[in-house]
> 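Below are the structure tokens for one structure; questions will follow.
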There are 2 protein chains.
Amino acid sequence: MNVDGVPTRTIRLGQDGLSVEVLDQTRLPHTVAWRRLETVEDAAVAIRTMVVRGAPLIGVTAAYGVALAMREDASEEGLSRAVAALAATRPTAVNLRWALDRMAAALRRPDVNDRVAAAYRLAGAMAEEDVETCRAIGRHGAALIRAAHDRTGRTVNVLTHCNAGWLAAVDWGTALAPVYAAHEAGVPIHVWVDETRPRNQGAALTAFELGQHGVPHTIVADNAGGHLMQHGRVDLCIVGSDRTTATGDVANKIGTYLKALAARDNGVPFYAALPASTIDWTLQDGVAEIPIEERGAEEVTHMTGRSAAGDLVTVQVSAPGSPAANPAFDVTPARLVTGIITERGIAAASRDGLAELFPDEAGR
Amino acid sequence: MNVDGVPTRTIRLGQDGLSVEVLDQTRLPHTVAWRRLETVEDAAVAIRTMVVRGAPLIGVTAAYGVALAMREDASEEGLSRAVAALAATRPTAVNLRWALDRMAAALRRPDVNDRVAAAYRLAGAMAEEDVETCRAIGRHGAALIRAAHDRTGRTVNVLTHCNAGWLAAVDWGTALAPVYAAHEAGVPIHVWVDETRPRNQGAALTAFELGQHGVPHTIVADNAGGHLMQHGRVDLCIVGSDRTTATGDVANKIGTYLKALAARDNGVPFYAALPASTIDWTLQDGVAEIPIEERGAEEVTHMTGRSAAGDLVTVQVSAPGSPAANPAFDVTPARLVTGIITERGIAAASRDGLAELFPDEAGR
């Protein structure tokens, strides 16, 4: 999608064709800067510190991380070490594991005579695949937005939580792909952007990317969504997912579950948009089984932004000495999810619904 | 409650016996400072800019505001002007209107021969009444916390939203009065403090007052409550109320409704603690009838805190140029409220429940 009017992706090969450049998301929305990754450690740090984030982009960055590792040590042992190091960076997003498994399986084949070249080729293919997957999610989801417009005759109000836009993928995004597709098709649309505490990915990233692409939107505190739905100001919710069970439970950014409850209470359709790579076919019960990452307390107690003087400043907003807890995700049970928008179409949030669209995966 | 080990109230008469001093809540938690109110305009500004906030404290401050007005102009016209100016400061809290009506009714009596003295007397009495009312709310609510402890044998985890502690009243608070009463009675208790965006009253005020009084607590993002409840980490929720309908619908800080939905979905009892002065006996349908204050966008887009250098700095946390909306309250329907803790006991959240405790008010 566009930044300063120029179509941009979140990750690209450097001029040398070997290093990898990623848009530094810790510096958005204030500064558009690229960070160069030269080693697998650089890639692991970028994922852990959320220079890159979002399930699809984490997967593609990890794939390139393996390619960077192969340049240093293309042995069987080097491959295992790289996969282990990258897998340890974030515990909730299952795409990470999916991307690493795919890289490892391809590179361990006996007929691979140049692991470095093969790794770059596969990482590049996975990036292109991600773009096509997200484009397809956008096409299927846009039909829902168009249908809402046809029904009401007015601007469609979509509420989203966190950032599952192009910044969370390579391009297009997951939850925002339908928004971009509908916008480009001329359907009048407005997005309520949940701020998404504690890391403010909504206010900082979703608002940034919608603004840069010219999509009308309004930031609200995470607390506001229920009130907006009570007053008929939300036509549908679309969120992303970091891990989805075979039964349709959706792990996504902390607070997603609260919006799903409000949607249910007010008859607002609630969709999760996700690539099949986010589905963990081994899990049945999301609340019980999906590990939830606990992040540092300072993400809650401190906040970084731009001062009137233009500097980036970190300030403490909480009472000094008070502890904070910071679970990063929650699980929305399938019973609260109207449908799951995937690259193959829209599935019911249930074992049967997902299996019908993905008989190849579900049956494994 | 205690500040630096010294019992403190939020509002007091100045040394001269005429000016009024309030704890400046816009400077907490970083600085404990008092602000002197000399005129009715000072009082109106203090309420509007949230130097004082919380339904009970707004009411008492408005009462003192009338007393300050009488010093300047004790005529019938002066009284009407003062009441109108103060009533216009905040639209949602009904205590404001209740306190002003009470002052006006008392001061308009023909036998009042010194309106200034009478106004100070009544404002002082209302402050003392508020303390006793909150103490009674604490006594009734503490029984719920003790019962939870008796049932589980372990520390009771209470979740609260926004600040309905002593900083929102004159002393004790409403939602936190049961917490303080249980803590003083030796019941082991821990409070999950919702940060409460956009103004962070939880992280800044609730955490401050619990910390100063030695009550164990942990700050969490507003998004986290549903996840905590899904995992059995909340025993009960207690919130305050800015306006309550005769049918038990509760208007409180934006986001309260989302916590009530999560409590219902997880079988966690959800209580609102409030003085009867918060009940608007003329209203039947909170979502349709209670006016919701819209506050400035900069409360969402900007945040103030203390920098590493110790200065208070305001920073922009959102994407530049993106608009924000800021509804300040939402309404939790009575069907989601387990009970209403009042100074007369605990009522069912229904017309019958409230009328049974307050036959005098309900029948008017």
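Computation of the quantities below employed the complete heavy-atom set of this structure, encompassing side-chain atoms and omitting hydrogens, waters and symmetry-equivalent molecules. Chain naming here is simple, since letters A, B, ... match the order of the sequence lines and numbering starts at 1 in each.
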> Looking at B/Val287, B/Asn200, B/Val300, which one has more heavy-atom pairs under 4.5 Å with chain A than the rest?
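Most pairs with chain A among the choices: B/Val287.
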> Counting only non-hydrogen atoms closer than 4.5 Å, does B/Ala224 touch chain A with its backbone (N, CA, C, O), its side chain (CB onward), both, or neither?
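Contact with chain A is through both the backbone and side chain of B/Ala224.
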> Go through the atoms of A/Pro327 and report whether side chain, backbone, both or neither lie under 4.5 Å from a heavy atom of chain B.
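Just its side chain gets close to chain B.
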> Tell me, for A/Ser307 versus chain B, whether the close heavy atoms (under 4.5 Å) come from the side chain, the backbone, both or neither.
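Both backbone and side chain of A/Ser307 come within 4.5 Å of chain B.
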> Considering only heavy atoms, which portion of B/Thr304 lies under 4.5 Å from any heavy atom of chain A: side chain, backbone, both, or neither?
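Contact with chain A is through the backbone of B/Thr304 alone.
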> Is B/Arg233 atom CZ crowded by more than 12 heavy atoms from other residues, nucleotides or ligands, each under 6.0 Å away?
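No, because the 6.0 Å sphere around CZ of B/Arg233 holds 12 heavy atoms or fewer from other groups.
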> Which heavy atom of A/Val32 sits nearest to which heavy atom of A/Leu28, and what is that distance?
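Taking every non-hydrogen atom into account, CG2-CD2, 4.1 Å.
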> Under 3.5 Å, is there a donor-acceptor pair between the side chain of A/Arg264 and the main chain of A/Val337?
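The answer is no, because no donor-acceptor pair under 3.5 Å joins these two groups.
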> For B/Arg199, is it the side chain, the backbone, both, or neither that has a heavy atom closer than 4.5 Å to a heavy atom of chain A?
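Answer is neither: B/Arg199 stays 4.5 Å or more from chain A.
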> Locate the shortest heavy-atom distance separating B/Ile219 from A/Ser318; write the atom from each residue and the value.
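So the minimum-distance heavy-atom pair works out to CD1-CB, 3.6 Å.
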> Under 4.5 Å, counting heavy-atom pairs only, tell me which of B/Gly211, B/Ala325, B/Ala309 racks up the most with chain A.
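Max contact count across the listed options: B/Ala325.
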> Begin from the C-alpha positions of A/Asp280 and A/Arg243 and carry the test salt bridge (Lys or Arg N to Asp or Glu O under 4.0 Å) through to its verdict.
CA-CA 6 Å; A/Asp280 185 338; A/Arg243 194 184 305 206; 2.9 Å; yes
> As an exercise: rank A/Thr314, A/Val313, A/Asp265, A/Val220 by heavy-atom pairs under 4.5 Å with chain B and give me the winner.
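Between A/Thr314, A/Val313, A/Asp265, A/Val220, the count favours A/Asp265.
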> Less than 3.5 Å apart, any donor N or O on the side chain of B/Asp330 or A/His227 sitting next to an acceptor on the other?
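No pair is found: no donor N or O on one side chain lies under 3.5 Å from an acceptor on the other.
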> With side chain to side chain contact (heavy atoms under 4.5 Å, CB included) as the test, pick out the partner of A/Val158 among A/Leu176, A/Val193, A/Ile189.
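One option only clears the test, and that one is A/Ile189.
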> Around A/Arg295, counting heavy atoms of other residues, nucleotides and ligands shown, do more than 12 lie under 6.0 Å from its CZ?
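Enclosed.
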> Can you say whether A/His231 sits under 4.5 Å from chain B via the side chain, the backbone, both, or neither, judging by heavy atoms?
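It is the side chain, since no backbone atom gets that close.
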> Chain B heavy atoms under 4.5 Å from A/Gln316: which part of the residue, side chain, backbone, both or neither?
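Both parts, backbone and side chain.
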> Looking at every non-hydrogen atom in both residues, tell me the closest pair between A/Val215 and A/His217 and how far apart they are.
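Closest approach of A/Val215 to A/His217: O-ND1, 2.8 Å.
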> Need one label for B/Tyr257: side chain, backbone, both or neither, based on atoms under 4.5 Å from any heavy atom in chain A.
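It is the side chain, since no backbone atom gets that close.
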> Looking at B/Gly305, B/Ala262, B/Ala297, B/Ala207, which makes the most heavy-atom pairs under 4.5 Å with chain A?
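Of B/Gly305, B/Ala262, B/Ala297, B/Ala207, B/Gly305 has the most heavy-atom pairs under 4.5 Å with chain A.
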> If you count heavy-atom pairs under 4.5 Å with chain A, which of B/Arg306, B/His302, B/His161 comes out on top?
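Ranked by heavy-atom pairs under 4.5 Å with chain A, first place is B/Arg306.
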> Which bit of B/Ile292 comes within less than 4.5 Å of chain A, counting heavy atoms only: side chain, backbone, both or neither?
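For B/Ile292, side-chain heavy atoms alone lie under 4.5 Å from chain A.
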> Using a cut-off of under 4.5 Å for heavy-atom pairs, which of A/Ser322, A/Pro198, A/Ala221 has the most such pairs with chain B?
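Option with the greatest count: A/Ser322.
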> Applying the side chain to side chain contact (heavy atoms under 4.5 Å, CB included) criterion to A/Asp222, which one of A/Thr256, A/Asp194, A/Leu258, A/Ile254 satisfies it?
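For A/Asp222, the side chain to side chain contact (heavy atoms under 4.5 Å, CB included) test succeeds with only one of A/Thr256, A/Asp194, A/Leu258, A/Ile254, which is A/Asp194.
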